[in-house]
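The chain is numbered in sequence order, starting from 1. Side chains are part of it too, since the values below use all heavy atoms of this structure and drop only hydrogens, waters and symmetry mates.
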Amino acid sequence: MVPQITAHRGYSQLAPENTIPAFELAIEHQADFIELDVQETKDHGLVVIHDSHLLRLAGCDRNLWNLTTSELANLDVGQWFGEAFKHTRIPSLASVMDLAKDRVNLNLELKIHGHEQKLVSQVVELIHEKNWQQNCVVSSLDFDILRQVRTLDPGLTIGPVIPPARPEYPDFEVDFYSLHFTLATPERVKRAHAEGKAIHAWTVNQPDDMQRMIEHGVDNIITDQSAVFQDLNALK
């Protein structure tokens, strides 16, 4: 079985991560999922961006939680990647859902900066409002966040992000494990499948690693390299 492909932060090799251009390219190249990072703003809006501090992506020495959605909308998160992407903005989660509807599935990774108040409730509410229950999964490094999602809607598909530095597993029921690819051993994959859980392996960018993940039987490969898209699409 050929695993599904998730475009990590969109097609982030060819366009600035977590932006509409990157998401459009991921759809164009027939990704099965787009992985994106969701954070809460000062005024409890939901925006798509990885870093809580805005210097790397926007050249702004501020923290995201101190800015409102409208203030964040004025920042340029494309110029760092290249002049062609100048004036690219931070998208709202709602706008990405509207873009992706009926075109690609979404992996919503909920990012914790310590100042969120309504992140989980707002995300779950938006998923229902946009009727995305069957076309998205929710992931997070924070197990408590996932527990809250499960409480609010037991039907949503959830999975912990598990890095090599903290190879711990939650003590409550989840649907998949999002493992760093070095943790996705044949034994772990087999055990997860026996438990009825899927394995999403991240971030797989080298052809040899991709081939090994296929051989290990992972269900989903998360990548930001164009070669992986091309090779796996050729296999389908």
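Side chain to side chain, N107 and S139 meet the donor-acceptor criterion of an N or O pair below 3.5 Å. Side-chain atoms of N205 and H8 include no donor-acceptor pair closer than 3.5 Å.
With rounding to the nearest 0.5 Å, the separation of CD1 in I34 from CG in L99 is 7.0 Å. Expressed to the nearest 0.5 Å, how far CD of Q211 lies from CD1 of I214 amounts to 4.5 Å. Taking CD from Q225 and CG from L14, the interatomic distance works out to 9.5 Å, rounded to the nearest 0.5 Å. Rounding to the nearest 0.5 Å places CG of N131 at 11.5 Å from CG of L126. Rounded to the nearest 0.5 angstrom, E17 CD and D224 CG are separated by 9.0 Å. How far CG of D37 is from CZ of R9: 5.5 Å, rounded to the nearest 0.5 Å.
Atom NZ of K42 has 12 or fewer heavy atoms from other residues, nucleotides or ligands within 6.0 Å. Counting non-hydrogen atoms of neighbouring residues, nucleotides and ligands closer than 6.0 angstrom, the NZ atom of K101 exceeds 12 such neighbours. Within a 6.0 Å radius of CD in Q134, other residues, nucleotides and ligands contribute 12 heavy atoms or fewer.
Side-chain N or O atoms of W80 include none that pairs as donor or acceptor with a backbone N or O of R56 at under 3.5 Å. With hydrogens and angles ignored, the 3.5 Å screen pairs no side-chain donor or acceptor of K197 with any backbone N or O of G159. For T6 (side chain) and E35 (main-chain N/O), no donor-acceptor pair under 3.5 Å exists by modelled atom type. When atom types are taken as modelled, the side chain of N135 and the backbone of N105 share no donor-acceptor pair closer than 3.5 angstrom. No side-chain donor-acceptor contact under 3.5 Å links T41 to the backbone of T68. Remark: the backbone N or O of G114 is paired with a side-chain donor or acceptor of E116 at under 3.5 angstrom. H216 places a side-chain N or O within donor-acceptor distance of the main-chain N or O of A184, the cut-off being under 3.5 Å. A distance-only check finds a donor-acceptor pair linking the side chain of Q39 to the backbone of D51 [under 3.5 Å]. The backbone N or O of F33 lies less than 3.5 Å from no partner atom in the side chain of Q4, so there is not a single donor-acceptor pair. Under a 3.5 Å cut-off, the side chain of N18 and the backbone N or O of L36 do not form any donor-acceptor pair.
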> side-chain contact (heavy atoms from CB on, under 4.5 Å) between L183 and Y177: does it pass, once the steps are laid out?
Replying inline: CA-CA 10 Å; L183 298 176; Y177 298 121; over 6 Å; no
> D171 and R147: salt bridge (Lys or Arg N to Asp or Glu O under 4.0 Å), yes or no, with the steps?
Replying inline: CA-CA 10 Å; D171 60 359; R147 190 179 284 107; 3.2 Å; yes
> Could you walk me through whether L119 and L46 pass the side-chain contact (heavy atoms from CB on, under 4.5 Å) check?
Replying inline: CA-CA 7 Å; L119 177 64; L46 300 175; 3.8 Å; yes
>> Between D76 and K86, is the salt bridge (Lys or Arg N to Asp or Glu O under 4.0 Å) condition met? List the steps.
In response: CA-CA 7 Å; D76 184 335; K86 189 176 181 179; over 6 Å; no
> Do E109 and V161 pass the side-chain contact (heavy atoms from CB on, under 4.5 Å) test, and can you show the C-alpha distance, the side-chain angles, and the key distance before you say yes or no?
Replying inline: CA-CA 9 Å; E109 182 176 345; V161 178; 4.1 Å; yes
>> Set out, in order, the CA-CA distance, both residues' side-chain angles and the distance that settles side-chain contact (heavy atoms from CB on, under 4.5 Å) for L156 and Q133, then state yes or no.
In response: CA-CA 6 Å; L156 289 178; Q133 295 95 314; 4.2 Å; yes
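With contacts defined as side-chain heavy-atom distances shorter than 4.5 Å, the pair P21/T88 qualifies. Under the 4.5 Å side-chain criterion, counting only non-hydrogen atoms from C-beta, T69 is not in contact with S92. You'll find the side chain of M210 stays beyond 4.5 Å of the side chain of T223, heavy atoms only. Inter-residue side-chain proximity for P163 and W202 is flagged as met; some heavy-atom pair is nearer than 4.5 Å. Between D61 and H53, some side-chain heavy-atom pair lies under the 4.5 Å cut-off. The side-chain heavy atoms of M213 and D209, taken from C-beta on, include no pair separated by under 4.5 Å. Taking 4.5 Å as the limit, every side-chain heavy atom of D219 sits out of range of all side-chain heavy atoms of F176. Residues L54 and L72 meet the side-chain proximity criterion, which asks for heavy atoms closer than 4.5 Å.
Put simply, I20 and W132 are part of the same group of oily side chains (I, L, V, M, F, W, Y) that touch within less than 4.5 Å, one to the next. Hydrophobic clustering, with ILVMFWY side chains joined whenever heavy atoms are under 4.5 angstrom apart, keeps V47 apart from L108. In this structure, I158 is not a member of the same hydrophobic cluster as I222, with clusters built from ILVMFWY side-chain heavy atoms closer than 4.5 Å. The cluster map of Ile, Leu, Val, Met, Phe, Trp and Tyr, joined by side-chain heavy atoms under 4.5 Å apart, puts I49 and L25 in different clusters. If you chain together hydrophobic residues whose side chains sit under 4.5 Å apart, V38 and L75 never meet in one group.
The heavy-atom pair separating P16 from T19 by the smallest distance is O-OG1, 2.6 Å. Nearest heavy atom pair, residue Q79 against residue E83, reads NE2-OE1, 3.8 Å. In this structure, I127 and V138 approach most closely via the heavy-atom pair CD1-CG2, 4.1 Å. Closest of all the heavy-atom pairs between R150 and V174 is NH1-CA, 3.8 Å. Shown here for I199 and A192, the closest heavy-atom pair between the two residues is CD1-CB, 3.7 Å. Contact detail for S52 and W65: the closest heavy-atom pair is CB-CZ3, 3.9 Å.
The aromatic rings of H113 and H115 sit tilted, their planes meeting at an angle between 30° and 60°.
For R166 and F143, the positive end sits near the middle of the six-membered ring, less than 6.0 Å away and at most 45° from its axis.
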